[in-house]
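Worksheet: one structure, shown below.
Chain letters run A, B, ... following the sequence lines, proteins first, then strands; residues in each count from 1.
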2 protein chains.
Amino acid sequence: MRIAEAASQCGLSIDTIRYYEKSNMLPPIARGSDGQRRFSSENIGWLILLASLRDTGMPTATMRKFAALYCKGDSTMPERRKLLVAHAASLQERRTQITRCEELLAYKISVYDGTTNKGGKQ
Amino acid sequence: MRIAEAASQCGLSIDTIRYYEKSNMLPPIARGSDGQRRFSSENIGWLILLASLRDTGMPTATMRKFAALYCKGDSTMPERRKLLVAHAASLQERRTQITRCEELLAYKISVYDGTTNKGGKQ
DNA sequence: CCTTGACCTGGAGTCGCTCCAGTTCGGTAT
DNA sequence: ATACCGAACTGGAGCGACTCCAGGTCAAGG
């Protein structure tokens, strides 16, 4: 599979995939005799995971570390697991940020609607 | 109230507050005779709102627009309301991204734990 | 009077993309 | 055979949203 299809499968842009490869966030990607990238289904699985991680705010430094561990082989599985567990935990925090923002917005909107007659009229 | 306390009240850094002012995301901030910023409690309310909006991914362009509307007076309230409602809607999307990521992570972690014996061993 | 600490400004640096110019390659049409 | 097209390639510039730093001002305390 070439880069255009890979991009449409994982939701990252073509440029982002190339950037991730250049920045060591991907395992080595094969090339055809024409010099173009060929993505395996395992590569696509990796890209889908990265896409989900970056959409939920994982810094690229962490992705790089994760990729480096992956490339070192199975012995790094416990460490990789730890990394994913830590990210899962950070999602809790994000969820509560969203909830707090929703509450604040609901309040502000109620002020605009006049259903709340207190201050804070931003 | 001066900038250090404002920062600790709203959770933004001092640099970020100055950056927001320079970039027209804040209503005009008063200055003392010493040339230093003095934040009113209304200013703090604004900063708290902005902090919550940026933590949940609102682009600064939208914040700038919101600030411009606010500075134009009460006639822009319907438009400001619309803007907040739109952001509240975008939070739904963020929530589902988090949920999808949580599911994917739960799956990947189960693979590490050996409780799932299929492929996808990243 | 001198130092300290909080603030100021302008500007450079960073992160995570995103866009662009210029090139190469494989395939189809003439 | 050649001319062209679309899709991929590279290196590098640009951008959004901060973040950090050097150098300067000012009010208050020792």
Side-chain angles (χ1 to χ4, degrees), chain A residues 1-26 28-40 43-44 46-68 83 87 90 94 97 101, chain B residues 1-26 28-40 43-44 46-68 83 87 90 94 97 101:
Chain A
M1 182 186 312
R2 290 192 292 196
I3 200 166
E5 202 187 337
S8 83
Q9 295 279 316
C10 70
L12 298 169
S13 74
I14 289 175
D15 273 324
T16 300
I17 293 174
R18 288 202 272 245
Y19 165 68
Y20 280 8
E21 190 196 24
K22 221 189 311 188
S23 318
N24 309 310
M25 291 180 236
L26 305 184
I29 303 297
R31 299 274 179 146
S33 58
D34 54 1
Q36 297 183 0
R37 292 169 185 84
R38 291 299 141 80
F39 293 83
S40 68
N43 292 157
I44 301 301
W46 185 268
L47 288 173
I48 287 172
L49 177 57
L50 283 197
S52 193
L53 294 174
R54 77 109 188 227
D55 284 348
T56 54
M58 180 180 281
T60 54
T62 311
M63 293 188 204
R64 254 182 286 277
K65 188 173 178 184
F66 187 50
L83 202 149
H87 188 66
S90 85
R94 274 181 186 266
Q97 277 178 348
C101 187
Chain B
M1 181 187 312
R2 290 192 292 195
I3 201 166
E5 202 187 339
S8 84
Q9 294 280 314
C10 70
L12 297 170
S13 75
I14 289 175
D15 273 323
T16 299
I17 293 175
R18 288 202 273 245
Y19 165 68
Y20 280 7
E21 190 196 25
K22 222 190 309 187
S23 319
N24 308 310
M25 292 181 237
L26 306 184
I29 303 296
R31 300 271 180 149
S33 58
D34 54 2
Q36 297 184 0
R37 293 170 186 85
R38 291 299 140 81
F39 294 84
S40 69
N43 292 156
I44 301 301
W46 185 270
L47 289 174
I48 288 171
L49 178 56
L50 283 197
S52 193
L53 294 174
R54 76 109 188 227
D55 283 348
T56 54
M58 180 179 282
T60 54
T62 311
M63 293 189 205
R64 255 182 285 278
K65 189 174 178 182
F66 187 52
L83 203 149
H87 187 66
S90 83
R94 274 182 186 264
Q97 277 178 349
C101 188

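- Residues of residues 30-39 of chain B that place a heavy atom closer than 4.0 Å to DNA chain C, in numerical order, are R31(B), G35(B), Q36(B), R37(B).
- The side-chain contact (heavy atoms from CB on, under 4.5 Å) check on T56(B) picks up I98(A), C101(A), H87(B), L91(B), with sequence neighbours excluded.
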Tabulated below should be each protein N or O lying under 3.5 Å from an N or O of nucleotides 28-30 of chain D; please produce it.
none

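- Per the geometry, NZ belonging to K65(A) stands 19 Å off C1' belonging to dC15(C), to the nearest Å.
- Within residues 1-20 of chain A, the residues approaching DNA chain D are R2(A), I3(A), A4(A), R18(A), by heavy-atom distance under 4.0 Å.
- Qualifying side-chain contact (heavy atoms from CB on, under 4.5 Å) partners for A67(B), counting only residues two or more places apart in sequence or in other chains: W46(B).
- If you take NZ of K22(A) and C1' of dC15(C), they are 14 Å apart, rounded to a whole angstrom.
- Evaluation of the side chain to side chain donor-acceptor pair (under 3.5 Å) rule for S8(B) yields no partner, not counting sequence neighbours.
- Under the side chain to side chain donor-acceptor pair (under 3.5 Å) criterion, S52(A) pairs with no residue, sequence neighbours left out.
- Put simply, the side chain of M58(A) does not reach to within 4.5 Å of the side chain of F66(A), judged on heavy atoms.
- Looking at residues two or more places apart in sequence or on another chain, you find a side-chain contact (heavy atoms from CB on, under 4.5 Å) between A51(A) and L12(A).
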Side-chain donor-acceptor contacts of residues 28-37 of chain B below 3.5 Å, not counting sequence neighbours, with atom names and distances?
from: R31(B); atom 1: NH1; to: G35(B); atom 2: O; distance (Å): 3.0
from: D34(B); atom 1: OD1; to: Q36(B); atom 2: N; distance (Å): 3.1
from: D34(B); atom 1: OD1; to: R38(B); atom 2: NH2; distance (Å): 3.2
from: D34(B); atom 1: OD2; to: R38(B); atom 2: NH2; distance (Å): 2.7
from: Q36(B); atom 1: OE1; to: R2(B); atom 2: NH1; distance (Å): 3.4
from: R37(B); atom 1: NE; to: E21(B); atom 2: OE1; distance (Å): 2.6
from: R37(B); atom 1: NH2; to: E21(B); atom 2: OE1; distance (Å): 2.9

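- The distance from atom CZ of R64(A) to atom C1' of dC17(C) is 12 Å, rounded to the nearest whole Å.
- Under the side chain to side chain donor-acceptor pair (under 3.5 Å) criterion, T16(B) pairs with S13(B), sequence neighbours left out.
- For the side-chain contact (heavy atoms from CB on, under 4.5 Å) test, residues two or more places apart in sequence or in another chain that qualify with Q97(B) are D55(A), E93(B), R94(B), R100(B).
- Atom CD of E21(B) and atom C1' of dT19(D) are 17 Å apart (whole Å).
- Annotation: side chain to side chain donor-acceptor pair (under 3.5 Å) contacts of S40(A) (sequence neighbours excluded): N43(A).
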